[in-house]
*Asks:* 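This is the structure I have questions about; it appears just below.
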Amino acid sequence: MSEHGSWAFTIQLETDPHVIRAVRKVIAATARIGGALDADARFIELSVGEALANARFHAYQNGVGPIEAVVTLDGEMFSVTIKNDGKPVTSARVPDARATTESLNWGLHMIGRVMDEVEITRSELGDRGTAIRMSKRLTA
Amino acid sequence: VENSPLAAIVHVRGEVDLITAPEFRECMRSTATSNTHNGYVMVDLSELEYIDGGGVRVLEEGLELCQQRGRALVLVAPPPHIERILEIVNLTDRLSVVNSVEALHQGPPGGEPHGERGPQERGRHSSDE
């Protein structure tokens with residue numbers, strides 16, 4: 001058990017760029033409170049920003065839509081799950097290599113390189129929505 | 001943006017994200033295509049705190065514009081966490097990274113534009129944390 005405990009909270013937001021900036025900073029600060037090294041907190045911030053940008057540009061077609069962000073610390077594992085209700089991803093695979101033209105793949109590639117675990121799931125609620133869970137083990 | 005006969009220097013401070021990337025893109029485009037300097041476009045990243053995938057794409061577009069005009073794009077002093085991101089997308093393999101703007105006065109980073117890498121070039125970070 002981490003000295004920082006185990007806990008979870010949920011943020012409801014929309015994919016407005018200013019809100020995205022604020023939320024990625026909040027989650028990075030939360031990671032630091034949970035014991036993240038500065039480098040890890042910066043990678044978590046990047047991953048949250050990329051996941052939210054993907055939701056804005058792809059799920060909501062460059063528009064504003066609702067997001068639920070679930071932040072958890074379970075022992076040393078810090079996780080963020082970003083759920084949208086927009087257009088679902090066509091593939092739930094995290095690309096190993098950077099695609100040259102597809103910004104969705106590019107962002108996912110970056111997330112996959114800086115986080116320890118990444119899981120993408122399509123919503124079970126009809127044909128809308130995608131969730132991406134991103135986890136980082138916080139080690140001093 | 002600073003202009004000299006040898007280079008244009010773009011100073012990037014703070015954050016490049018969804019909010020600021022359009023302004024950064026416009027600045028890079030106008031600088032890379034400007035006729036007021038020769039040879040080099042240096043992008044000073046020493047005071048950059050955050051860059052997202054969109055911002056990295058702006059740098060890549062700037063690199064392509066420079067290459068089309070026979071110019072070299074040189075990154076200056078990216079903080080380690082920024083340089084790591086640029087490594088992930090293989091951008092640091094495609095351009096020169098130097099420690100300071102003054103490196104240009106010690107000799108051309110990366111050799112002459114389109115040339116071989118020079119001795120003033122900053123060492124690569126090989127960590128894969």
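A, B, ... follow the sequence lines: proteins, then strands. Residue 1 opens every chain.
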*Asks:* Under 6.0 Å from the CD atom of B:E23, do we count more than 12 heavy atoms belonging to anything else shown?
*Replies:* no

*Asks:* State whether the side chain of A:E50 and the backbone N or O of B:G53 hold a donor-acceptor pair below 3.5 Å, judged by distance alone.
*Replies:* yes

*Asks:* Measure the spacing between CD1 of B:I85 and CG of A:L46 and express it to the nearest 0.5 Å.
*Replies:* 4.5 Å

*Asks:* Are A:V70 and A:V26 linked, directly or through other ILVMFWY residues, by side chains that come within less than 4.5 angstrom of each other?
*Replies:*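 Each belongs to a different hydrophobic cluster.
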
*Asks:* Check for me, please, whether A:M77 and A:I111 land in the same ILVMFWY cluster - side-chain distances under 4.5 Å, paths through other members count.
*Replies:* no

*Asks:* With a 4.5 Å cut-off on side-chain heavy atoms, are A:W106 and B:I88 touching?
*Replies:*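 In short, these two side chains do not touch, never coming nearer than 4.5 Å.
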
*Asks:* Going by atom type alone, with no hydrogens or angles, which donor-acceptor pairs under 3.5 Å involve a side-chain atom of residues 13-22 of chain A and a protein atom two or more places apart or on another chain?
*Replies:*
unit_1	atom_1	unit_2	atom_2	d
A:T15	OG1	A:G63	O	2.9
A:T15	OG1	A:G65	N	2.9
A:D16	OD2	A:H18	N	2.9
A:D16	OD2	A:V19	N	3.2
A:R21	NE	B:E15	OE1	3.4
A:R21	NE	B:D17	OD2	2.8
A:R21	NH2	B:D17	OD1	3.1
A:R21	NH2	B:D17	OD2	3.2

*Asks:* Check for me, please, whether B:V1 and B:M28 land in the same ILVMFWY cluster - side-chain distances under 4.5 Å, paths through other members count.
*Replies:*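 In one cluster: yes.
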
*Asks:* Could you walk me through whether B:Y50 and A:K25 pass side-chain contact (heavy atoms from CB on, under 4.5 Å), step by step?
*Replies:* CA-CA 11 Å; B:Y50 178 89; A:K25 288 177 179 292; over 6 Å; no

*Asks:* Can you measure from CZ (B:R84) to CE (A:M110) and round to the nearest 0.5 angstrom?
*Replies:* 10.5 Å

*Asks:* Transitively linked via ILVMFWY side-chain contacts under 4.5 Å: A:I33 with A:V80?
*Replies:*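 No.
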
*Asks:* Side chain, backbone, both or neither: which part of B:I51 has an atom under 4.5 Å from a heavy atom of chain A?
*Replies:*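 When you check distances to chain A, only backbone atoms of B:I51 fall under 4.5 Å.
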
*Asks:* With the side chain counted from C-beta on, respond yes when A:E45 and B:H81 share a heavy-atom pair under 4.5 Å apart, and no when they do not.
*Replies:*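 Side chain of A:E45 against side chain of B:H81, heavy atoms only: no contact under 4.5 Å found.
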
